[in-house]
Structure formats: structure tokens, C-alpha cells
Amino acid sequence: VSQSRYDLGIDPGSYKSRASVAGNSDIYDDFTYLTFNSLNKVVVAFGESSKEMLGRVPKGMEVIRPVQNTEIVSNVYYEMYLRNLFNIFGTKSNQLRFKTRPRVFLPLPLNHTQSSLNNFTNSLNKAGASDIVFLQKPVVAAFGLGDALKKERIKLIIDIGYQKTEIAAVYKDGIYEGKLIDFGGEVIDKYLLNKLMEEKRIQC
């Protein structure tokens, strides 16, 4: 697919999101958290600053992760998140001043449903995208291998996310075989925390 300077790639992780403008080496990498006023729906904090407010917000404010288990849990709040994300690139670079609405490239997991696809489409359109190109997540991960991918007929890609892990055999530019399992960084974190509490006798 030909690219323009108005193309924006977004990987909407359950815990962290990554994004980059075509032709620009800057990569946005921040937590997928949003803090808002529950009365007027005004965004108070976004990304890492929002994550730091967990358990500390006063009455009338909420901290949420708008994407969980690779699914949008609230279109309204994910649209808020996306608008803030678009504004970050608009502030940093004239590439996305919305002289034209950006085309967004977005990877989806192997088991995505039509409902999930519709939710991402609606949220991205309402947030300001002109068009959305969906890609298979393991294929996107494989592109990071560059020329190394071309030297072998098949590559095994393991993408460990916060809540899910995808394992796929990638052949050329498509999935030869793939599987998604309920295991990720969240499970590892809980295991390490429980182990630490058990060994050090720490109480939370």
C-alpha cells in the first residue's frame, strides 16, 4: 500500500499504545489510560499521567483503559483517547495539522470479530480518520524483521501482549497458521507479585 505523510499507524494495546506517522522516525509509546470527569466527560489526563492517577482520583473522576483484551470497552472513551493521540502528532509536527484527515493503519488480532472491526472503524472515523486500513497483527510484527523475513520461507512470530499472546507462522506477507492464547504480561506480573509476596511475606 502506497504511503503518504498523512498516514498514521496505531497499535491499540490493552496496556500500551504505539503510533507513528509515515516517513517520521518518532514513535509514540504510552499507556492506554484515560482519566475524565464523569459529569461533563471532559478529559483530565491521558497516557502515563492518567495511569499514575489510578486509585488517587477524587469523587466525580474516573480512570479507565478504553481497550481491553484487544476489544474496545467503550467507543465514547476510545474516541476521546484517539482525539488526544491525534492532537499529540498535530502539536509535534505539521504533518498532521488536519489539513487533511489522516489515513490510519491498524493491526487487529487473529480472532477479531466483525463487531470489533466495526467498533474500531466507528471510533477512528469519529475521531478524525479519513480511512482505515486493517492489517493482521502478526504480519505487522513480521515487517519489523525486514530483509531477514525474506531469507526464510516461513517465520514464526510470537507477539506477547499485556493480556493476549499471538503465535503465527508467516509466509511471505500472509498468515500460514496462527493461534491466540490467553496469556500475557498481566499474567506474568501477577505471578511475580504473588511470588514476591509469598517469599518476602509482603501483604498488600
Side-chain angles (χ1 to χ4, degrees), residues 8-21 26-93 95-98 101-102 104-109 111-130 132 134 137 160-164 182-194 196-197 202-204:
L8 178 64
I10 301 175
D11 183 1
S14 299
Y15 186 64
K16 270 193 165 188
S17 290
R18 303 188 75 193
S20 179
V21 179
D26 291 340
I27 295 178
Y28 169 85
D29 186 355
D30 205 353
F31 297 97
T32 316
Y33 282 80
L34 188 74
T35 303
F36 62 93
N37 186 311
S38 54
L39 295 176
N40 56 21
K41 309 302 181 187
V42 171
V43 175
V44 177
F46 168 79
E48 183 174 6
S49 59
S50 174
K51 179 178 177 293
E52 291 176 350
M53 296 176 74
L54 276 171
R56 302 177 183 177
V57 292
K59 187 177 180 180
M61 289 189 185
E62 293 183 46
V63 180
I64 68 165
R65 283 190 288 132
V67 177
Q68 294 184 36
N69 289 308
T70 66
E71 296 281 353
I72 295 175
V73 295
S74 169
N75 285 78
V76 172
Y77 299 131
Y78 191 56
E79 288 159 27
M80 292 180 184
Y81 182 87
L82 287 169
R83 289 193 188 99
N84 279 270
L85 182 60
F86 289 176
N87 287 337
I88 284 176
F89 286 98
T91 302
K92 288 175 64 176
S93 169
Q95 287 178 307
L96 284 176
R97 288 288 184 183
F98 296 115
R101 299 169 71 192
V104 176
F105 290 79
L106 188 133
L108 285 178
N111 69 334
H112 73 270
T113 62
Q114 186 60 46
S115 174
S116 174
L117 191 137
N118 291 340
N119 282 335
F120 276 107
T121 299
N122 292 335
S123 291
L124 284 160
N125 281 330
K126 288 180 180 179
S130 64
I132 303 105
F134 291 105
K137 198 170 183 181
I160 302 175
Y162 184 62
Q163 293 177 314
K164 303 280 186 178
D182 291 319
F183 174 85
E186 185 179 37
V187 176
I188 298 172
D189 287 347
K190 288 179 179 178
Y191 173 79
L192 292 174
L193 179 60
N194 290 334
L196 184 64
M197 290 171 63
I202 298 172
Q203 293 185 352
C204 293

Show me, pair by pair, the donor-acceptor contacts under 3.5 angstrom made by side chains of residues 40-48, not counting sequence neighbours?
from, atom 1, to, atom 2, distance (Å)
N40, OD1, V42, N, 3.0
K41, NZ, S38, O, 3.4
K41, NZ, Y77, OH, 3.1

To the nearest 0.5 Å, how far apart are [atom1] in [X] and [atom2] in [Y]?
X: L192; Y: M197; atom1: CG; atom2: CE; answer: 13.0 Å
X: K51; Y: T32; atom1: NZ; atom2: OG1; answer: 11.5 Å
X: Y28; Y: S20; atom1: OH; atom2: OG; answer: 13.0 Å

Mark yes or no for whether [X], through its side chain, and [Y], through its backbone, hold a donor-acceptor pair below 3.5 Å.
X: S50; Y: L34; answer: yes
X: R65; Y: S14; answer: yes
X: D11; Y: A19; answer: no
X: T35; Y: V63; answer: no

Could you tell me how the ring of F31 sits relative to the ring of Y33: parallel (under 30°), tilted (30 to 60°) or perpendicular (over 60°)?
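Geometry flag for Y33 against F31: perpendicular rings.
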By salt bridge (Lys or Arg N to Asp or Glu O under 4.0 Å), which residues pair with D30, not counting sequence neighbours?
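Salt bridge (Lys or Arg N to Asp or Glu O under 4.0 Å) list for D30, sorted by chain: empty.
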Salt bridge (Lys or Arg N to Asp or Glu O under 4.0 Å) involving K16 - partner list, sequence neighbours excluded
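With sequence neighbours excluded, K16 shows a salt bridge (Lys or Arg N to Asp or Glu O under 4.0 Å) to D29, given in chain and number order.
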Verdict with supporting geometry, L82 and K126, side-chain contact (heavy atoms from CB on, under 4.5 Å)
CA-CA 9 Å; L82 287 169; K126 288 180 180 179; over 6 Å; no
Would you please indicate if the ring centroids of F105 and F134 are separated by under 6.0 Å?
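No: the rings miss the under 6.0 Å criterion.
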Do the side-chain N and O atoms of Q114 and N118 include a donor-acceptor pair separated by under 3.5 angstrom?
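Their side chains do contain a donor-acceptor pair, which is all the 3.5 Å distance test asks for.
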Heavy-atom check, side chain of Y78 versus side chain of N119, under 4.5 Å
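The answer is no; the side chains never approach within 4.5 Å.
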Any side-chain heavy-atom pair of N125 and I132 under 4.5 Å
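Yes, close enough: below the 4.5 Å cut-off.
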Over all atoms of both residues, closest heavy-atom pair of [X] and [Y]:
X: A127; Y: E79; result: CB-O, 4.1 Å
X: P107; Y: P12; result: O-CD, 4.2 Å
X: S123; Y: N75; result: OG-ND2, 3.0 Å
X: Y81; Y: P66; result: CB-CG, 4.2 Å
X: L106; Y: L108; result: CD2-CD2, 3.6 Å

List the steps, then state whether side-chain contact (heavy atoms from CB on, under 4.5 Å) holds for M61 with F36.
CA-CA 6 Å; M61 289 189 185; F36 62 93; over 6 Å; no
